[in-house]
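Order of the sequence lines sets the chain letters (A, B, ...), proteins ahead of strands, with each chain counted from 1.
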There are 2 protein chains.
Amino acid sequence: MGKCEQCIIKQFNALKSLTKDELVRISGCKTSKTIKKGEVIFEEGESINGVYCVKDGICKLSKLSENGKDQVVKMVVKGQLIGQRSLVSNESSNLQATALNDMEVCFIPKSEIISDLQRNPKFTLDMLKDMAHDLKEADDVIVDMAQKSVKQRLAETLIYVEKNFGTNPDGTISLMLSREDYANIVGTATESAIRVLSQFKKEGLISTVGKYIKIENSNGLRRIE
Amino acid sequence: MGKCEQCIIKQFNALKSLTKDELVRISGCKTSKTIKKGEVIFEEGESINGVYCVKDGICKLSKLSENGKDQVVKMVVKGQLIGQRSLVSNESSNLQATALNDMEVCFIPKSEIISDLQRNPKFTLDMLKDMAHDLKEADDVIVDMAQKSVKQRLAETLIYVEKNFGTNPDGTISLMLSREDYANIVGTATESAIRVLSQFKKEGLISTVGKYIKIENSNGLRRIE
DNA sequence: TTTAAAATATGACATTTGTCATGCTTTAGT
DNA sequence: ACTAAAGCATGACAAATGTCATATTTTAAA
């Protein structure tokens, strides 16, 4: 199993501020897991007792709403941690994490993180910075949800997904999401998401190659009202 | 001017974890301010160079959307800090803060907070906990915005405001917000907010005493679909 | 106190979005 | 390869929400 000290992933998250000793200690008690696409990493309301460090793959964090829909709150890529918020607040998870890809993650037990948080101020400050970043992003999502149309939100989501999760050699978005996933990110009915994507296609803003979506005119997408 | 060491407000926020010495030092460089209702404490994009500790009053944190509306993201009461997120990220503010009440705040310069964050892990951890709490609330708002109707959101807002900001002796909500404020919290057009409030009134869910709103049937408000 | 401006209220209508029904297409499992 | 299930697509219609116009009431400033 890989050693945390040597893992290049750690440079992308707060773990980079841990000392060599701390990393060695964590390396000794962490667990590596492979998670298949569609698999649930943890559920809403579950006690997670640790954090996951995403070595590879992408997952969504979502929350079930009263009307039965599963609203996506955030997507997490390689390099990021999941579960920190619940750990810090000492609460069970407020979100569900589901793999959108085949993933590789390391699970680090709560006790290790807690003891580092109490002893290594640089680490704590880094965690604080990461959380401040998440909070800013969440604020932006609130404003978008409140003030933008479904079309605008879906257009922005396409641009976001392309930018953050990359493209295949033929220019298609490499992350394959179902129409239902898009609907749950945007916060609309699946049929509405399908309709808007069809419209984008008719207007030449996007095209599809099999199940993959390609952005043909990102400025056009940005201009949507 | 009051001394931070003796200020009872500090127990409600992360400042409680500062040592006596740290508090004395902060006390020496803080500034007390009175802010009148409607006054802007800081604007979006402004460098704030410190945090405000709210000694009294309530303010809204909002963000201007592209369509010109000022979406309220969070409301802040006595005891809470504002400006921490930007300070931690070392960015200019992503939100505007506006007093909804006459307020009393203390301004603490950035350098002081930063040095405490670097030296006092308990303080940093407390800041982290507060921010984790804010993030959870923001996640909940995202889900509500995406999945609930304007009626539901407005009903919940009324209950929230009553619960968190209290009532007058006659049972009316003590915080007076304009219909436009309600619209900007809920994320809807002012006319829509007015219409929904009128409907609530007709249905006996709320009543009004002058400009004040009184919740008459909170279970009814909760049951709205 | 008077008066202009702002806030509230409501109607009429347009637009957006959701819901339900139905059919087609793809996927996955035997 | 066959078949059931899931996903995608689209029409028809309903419901929610936004926009614009206008009137009334309240507030604040001269």
Colleague: Validate the cation-pi geometry between Lys33(B) and Phe107(B): distance from NZ or CZ to the six-membered ring centre under 6.0 Å, angle to the ring axis within 45°.
Modeller: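 Checked: cation-pi criterion met.
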
Colleague: For the pair made of NZ in Lys211(A) and P in dT25(C), what is the distance, rounded to whole Å?
Modeller: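 It works out to 14 Å between those atoms.
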
Colleague: In this structure, how many angstroms lie between the C1' atom of dA9(C) and the CD1 atom of Ile206(B), rounded?
Modeller: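 Checked: the CD1 to C1' distance equals 14 Å.
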
Colleague: Whether the Glu156(A) and Gln152(A) side chains hold a donor-acceptor pair (N or O, under 3.5 Å, no angle test) is what I'd like checked.
Modeller: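 The answer is no; no qualifying pair exists.
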
Colleague: What I'd like to find out is whether the side chain of Thr167(B) reaches to under 4.5 Å of the side chain of Thr172(B), using heavy atoms alone.
Modeller: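 No, too far: nothing below the 4.5 Å cut-off.
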
Colleague: Check whether any side-chain N or O of Ser89(A) sits under 3.5 Å from a backbone N or O of Glu91(A) as a donor-acceptor pair, and report yes or no.
Modeller: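 Absent.
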
Colleague: Rounded to whole Å, how long is the line connecting atom NZ of Lys37(B) with atom P of dA7(C)?
Modeller: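 It is 11 Å, rounded to the nearest whole Å.
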
Colleague: At less than 4.0 Å, is any side-chain N or O atom of Thr190(B) found next to OP1 or OP2 of dT8(C)? Yes or no.
Modeller: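 Looking at the OP1 and OP2 atoms of dT8(C), neither is under 4.0 Å from any side-chain N or O of Thr190(B).
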
Colleague: Atom CD1 of Ile194(A) to atom P of dT16(C): distance rounded to whole Å?
Modeller: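 Those two atoms, CD1 and P, are 20 Å apart.
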
Colleague: When you list every nucleotide of DNA chain D with an atom under 4.0 Å from a heavy atom of chain B, which one comes first 5' to 3', and which comes last?
Modeller: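 Nucleotide range in contact with chain B: dT17(D) to dT27(D).
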
Colleague: Starting at CG of Asn184(A) and ending at P of dG18(C), how long is that distance when rounded to a whole Å?
Modeller: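 One finds 12 Å between P of dG18(C) and CG of Asn184(A), rounded.
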
Colleague: Rounded to whole Å, how long is the line connecting atom NZ of Lys151(A) with atom P of dT17(C)?
Modeller: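 That distance rounds to 8 Å.
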
Colleague: Kindly say whether Leu205(A) contributes a backbone atom to a donor-acceptor pair with the side chain of Glu216(A) at under 3.5 angstrom?
Modeller: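 Such a contact is absent between Glu216(A) side chain and Leu205(A) backbone.
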
Colleague: Please report the distance, rounded to the nearest Å, between CD in Glu191(B) and P in dT15(C).
Modeller: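 So the CD-P distance, Glu191(B) to dT15(C), works out to 17 Å.
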
Colleague: For the residue pair Arg153(A) / Thr157(A), report whether a side-chain donor-acceptor contact shorter than 3.5 Å exists.
Modeller: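 Side chains of Thr157(A) and Arg153(A): no pair found under 3.5 Å.
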
Colleague: Just the rounded figure in Å: distance from P of dT16(C) to CZ of Arg195(A).
Modeller: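 To the nearest whole Å, that distance equals 14 Å.
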
Colleague: Map Leu197(B) and Ser149(A) onto DNA chain C by nearest heavy atom, then report which one ends up closer to the 5' terminus.
Modeller: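 The residue closer to the strand's 5' end, by nearest nucleotide, is Leu197(B).
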
